[in-house]
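Structure record follows, encoded as structure tokens.
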Amino acid sequence: MESGSSASHDESDRVVELEAEVQQLKEAVTSHAVVDQAIGMVVALGRVSPDQGWAVLKDVSQHTNIKLRNVAELILVWGREGDIPPDIRAELEDALDRHGPTQIPEAPSE
């Protein structure tokens, strides 16, 4: 009888582990979406490529010691409400200067 109780306990532990894993995956998907949206804003506003936008976010995160996801959230709030902490804005401008705007090709001559 003891082995049945043990099997039930093992199954309960496994369910708890799987629920925790599902929660982590949900958070990762949400975080990825937030970061992708922030990269899109940096690309549009800073006239940089998506790779440069990613590098800008990483730089801002590293130089401000704020998690990248939180930097992305601050950028999205800035896009919606127009507010961004001055230190984040300054670092964002510096990072954009470091990674430079992508040059838009000239129109072909005719």
Side-chain angles (χ1 to χ4, degrees):
M1 184 85 177
E2 183 101 319
S3 65
S5 173
S6 177
S8 175
H9 183 67
D10 288 346
E11 287 177 17
S12 294
D13 287 349
R14 185 67 180 139
V15 167
V16 169
E17 288 174 12
L18 289 172
E19 287 174 343
E21 188 175 337
V22 166
Q23 185 59 36
Q24 287 176 338
L25 290 170
K26 285 180 180 179
E27 290 171 10
V29 167
T30 300
S31 179
H32 189 67
V34 167
V35 170
D36 282 349
Q37 290 173 28
I39 289 171
M41 279 192 59
V42 170
V43 165
L45 297 173
R47 291 185 23 234
V48 295
S49 72
D51 286 344
Q52 290 169 314
W54 167 249
V56 165
L57 281 186
K58 284 194 326 186
D59 274 11
V60 172
S61 174
Q62 290 171 350
H63 287 97
T64 59
N65 202 28
I66 298 173
K67 288 184 179 183
L68 191 131
R69 181 180 195 272
N70 294 345
V71 168
E73 288 172 344
L74 289 169
I75 289 173
L76 294 181
V77 168
W78 176 46
R80 286 191 304 269
E81 301 172 9
D83 292 333
I84 191 166
D87 57 331
I88 302 297
R89 182 184 182 110
E91 189 52 48
L92 181 60
E93 290 173 358
D94 290 347
L96 282 167
D97 285 345
R98 283 191 297 275
H99 294 281
T102 300
Q103 296 302 312
I104 299 172
E106 297 291 322
S109 56
E110 295 184 26

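FYI, the numbering just counts along the sequence from 1. Side-chain atoms are counted along with the backbone in the values below, which use heavy atoms only and exclude waters and symmetry mates.
- For Glu21, the CD atom counts as loosely surrounded, since its 6.0 Å shell holds 12 or fewer non-hydrogen atoms of other residues, nucleotides or ligands.
- Asp94 contributes atom CG, which lies 10.5 Å from atom NE2 of His99 (distance to the nearest 0.5 angstrom).
- A 4.5 Å side-chain heavy-atom check between Leu74 and Asn70 finds every atom pair outside the cut-off.
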Apply side chain to side chain contact (heavy atoms under 4.5 Å, CB included) to the pair Leu96 and Val42, showing each step before the final yes or no. CA-CA 9 Å; Leu96 282 167; Val42 170; 3.9 Å; yes
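- In terms of hydrophobic clustering, with Ile, Leu, Val, Met, Phe, Trp and Tyr side chains grouped at heavy-atom distances under 4.5 Å, Leu45 and Leu68 are assigned to a common cluster.
- Proximity of Trp54 to Val48: side-chain heavy atoms (C-beta onward) are nowhere separated by under 4.5 Å.
- Between Glu11 and Arg14, none of the side-chain N atoms (NZ, or NE/NH1/NH2) sits under 4.0 Å from a carboxylate O, so this pair counts as no salt bridge.
- Here the side chain of Ser61 pairs no donor or acceptor atom with the backbone of Leu57 at under 3.5 angstrom.
- The structure places CD of Gln37 at 11.0 Å from NE2 of His32, a figure rounded to the nearest 0.5 Å.
- The shortest heavy-atom contact between Ala72 and Val34 is CB-CG1, 3.7 Å.
- Atom CG in Asp87 sits 11.5 Å away from atom CG in Leu92 (nearest 0.5 Å).
- Two residues are said to be in side-chain contact when any heavy atoms from C-beta on lie closer than 4.5 Å; Trp78 and Ile88 fail this criterion.
- Glu19 and Gln23 form no side-chain donor-acceptor contact under 3.5 Å, judged by distance and modelled atom types alone.
- Put simply, CZ on Arg98 and NE2 on His63 are 4.5 Å apart, with the number rounded to the nearest 0.5 Å.
- Asp59 approaches Glu91 most closely through the heavy-atom pair O-OE2, 4.3 Å.
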